[in-house]
J.: 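One structure is given below, represented as structure tokens, and several questions about it will come after.
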Amino acid sequence: ALTPAADGTSYTIDSDGKLVAESSTGGSSGGTITANASVSTWSNLKTEIASITGTTYTEENPYVIEITGNMNTEDSTVEVITVSSHVKLVSNSDCTITRTSAFASVNLFQVNSEASLTIGDENAGGTLTLDGGETEVSATASLINVSGTLVLNEKSVLQNNNCQEAYGT
């Protein structure tokens, strides 16, 4: 069973196997989030997150990046996006980040200790989905590997991370 967060958000697995964040207040009609930056490709997202330096941002006041459209990992060399600061990914329209088969052996994101990655926001105009692309991945290739903090807010979905069996074929 999934435990509700302190803010009342609960998590469920829907009929398609998606992890979905839901508010105990019934949700929000959506709106617009003000972002520090906006990106439209995986390469740009990787560059933007790598450029965040200093201690200006906190888990409560993260660097906000708006995802402006559907993207996949195809346009990039196979490298994990390492989060070493406090980052929030949101979308003001429904958007999906999809793993391609080239990324089957690596995590999409690595959240370092003392860092945080927050996905989604109840006030965003759209849902942000991280999709494993139904690509069969190695047992060590999660969507997000976390040593720090991961927060899944309302309007966030994780889906289709199909792991190979750890033993066998």
Side-chain angles (χ1 to χ4, degrees), residues 1-14 17-23 33 35-37 39 42-67 71-73 76-91 95-122 124 127-166:
L2 300 169
T3 306
D7 67 358
T9 301
S10 61
Y11 301 91
T12 59
I13 306 294
D14 71 8
K18 298 176 188 175
L19 178 65
V20 179
E22 299 175 342
S23 170
I33 298 294
N36 298 89
V39 298
W42 181 255
S43 292
N44 289 346
L45 179 60
K46 183 170 51 174
T47 301
E48 191 63 38
I49 289 176
S51 74
I52 303 167
T53 60
T55 58
T56 304
Y57 302 100
T58 65
E59 191 173 335
E60 295 76 26
N61 185 30
Y63 188 89
V64 179
I65 301 173
E66 179 188 2
I67 307 301
M71 65 175 73
N72 62 50
T73 58
S76 180
T77 56
V78 179
E79 292 180 294
V80 177
I81 291 182
T82 301
V83 179
S84 298
S85 186
H86 300 282
V87 176
K88 180 185 239 183
L89 302 178
V90 299
S91 184
C95 291
T96 301
I97 299 172
T98 304
R99 178 200 313 256
T100 57
S101 59
F103 276 67
S105 64
V106 298
N107 306 313
L108 291 184
F109 295 93
Q110 169 64 49
V111 182
N112 289 342
S113 62
E114 308 299 319
S116 65
L117 176 62
T118 301
I119 301 173
D121 189 291
E122 67 182 21
T127 297
L128 181 58
T129 300
L130 294 184
D131 189 318
E134 297 188 35
T135 297
E136 192 168 291
V137 298
S138 69
T140 58
S142 60
L143 290 173
I144 308 166
N145 187 321
V146 181
S147 297
T149 303
L150 172 65
V151 178
L152 298 174
N153 281 329
E154 242 184 284
K155 299 201 175 181
S156 64
V157 176
L158 303 180
Q159 67 183 19
N160 297 326
N161 197 51
N162 299 326
C163 183
Q164 298 172 356
E165 291 184 37

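Hydrogens, waters and symmetry mates are skipped; everything else that's a heavy atom, side chains included, is used. Keep in mind that what you see is a predicted model, and the values were worked out from it rather than measured.
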J.: Do you know which two heavy atoms are closest between A124 and S91, and how far apart they sit?
T.: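 Taking A124 first and S91 second, the nearest heavy atoms are CB-O, 3.3 Å.
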J.: Run the numbers on N44 and M71 for side chain to side chain contact (heavy atoms under 4.5 Å, CB included), then give the verdict.
T.: CA-CA 10 Å; N44 289 346; M71 65 175 73; over 6 Å; no
J.: Side-chain contact test, heavy atoms from C-beta onward, threshold under 4.5 Å: evaluate it for N36 versus I52 and give yes or no.
T.: no
J.: Please identify each residue that fulfils side chain to side chain donor-acceptor pair (under 3.5 Å) with T47, with sequence neighbours left out.
T.: none
J.: Partners of T127 by side chain to side chain contact (heavy atoms under 4.5 Å, CB included), sequence neighbours excluded?
T.: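 Once residues adjacent in sequence are excluded, the partners of T127 under the side chain to side chain contact (heavy atoms under 4.5 Å, CB included) criterion are D94, T129, K155, V157.
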J.: Would you say the side chains of N162 and E136 form a donor-acceptor pair under 3.5 Å?
T.: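 No donor-acceptor contact under 3.5 Å links the two side chains.
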J.: Suppose we screen for side chain to side chain donor-acceptor pair (under 3.5 Å). Which residues come up paired with N112, at least two apart in sequence or across chains?
T.: S84
J.: After noting the C-alpha distance and the side-chain angles of L158 and I144, does the key distance pass the side chain to side chain contact (heavy atoms under 4.5 Å, CB included) rule?
T.: CA-CA 10 Å; L158 303 180; I144 308 166; 4.2 Å; yes
J.: Counting N and O atoms only, with roles assigned by atom type, does the side chain of N160 sit under 3.5 Å from a partner on the main chain of G133, one being a donor and the other an acceptor?
T.: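 Here the side-chain-to-backbone pair does not exist.
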J.: Excluding sequence neighbours, so at least two apart, what forms side chain to side chain contact (heavy atoms under 4.5 Å, CB included) with E79?
T.: K46, T77
J.: Please tell me if the side chains of T149 and V111 come closer than 4.5 Å, counting only heavy atoms from C-beta onward.
T.: no
J.: Using atom types as modelled, flag every donor-acceptor pair under 3.5 Å from a side chain in residues 97-110 to any protein atom, sequence neighbours excluded.
T.:
unit_1, atom_1, unit_2, atom_2, d
R99, NH1, F103, O, 3.0
R99, NH1, V106, O, 2.8
R99, NH2, A141, O, 3.4
R99, NH2, S142, O, 3.4
R99, NH2, N161, OD1, 2.7
T100, OG1, T73, OG1, 2.7
N107, OD1, S142, N, 2.8
N107, OD1, S142, OG, 3.1

J.: Write out all pairs satisfying salt bridge (charged side-chain N to carboxylate O under 4.0 Å, His left out) with one or both partners inside residues 107-121, taking only residues at least two apart or from two chains.
T.: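 Passing the test, one end in residues 107-121: K88-D121.
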J.: Using the test side chain to side chain donor-acceptor pair (under 3.5 Å), find all partners of Y57 that sit at least two apart in sequence or belong to another chain.
T.: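 Here no residue qualifies.
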J.: With a 4.5 Å cut-off on side-chain heavy atoms, are L128 and S156 touching?
T.: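 In short, these two side chains do not touch, never coming nearer than 4.5 Å.
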J.: For residues 50-65, pull every pair meeting salt bridge (charged side-chain N to carboxylate O under 4.0 Å, His left out), keeping only residues two or more places apart or in separate chains.
T.: none
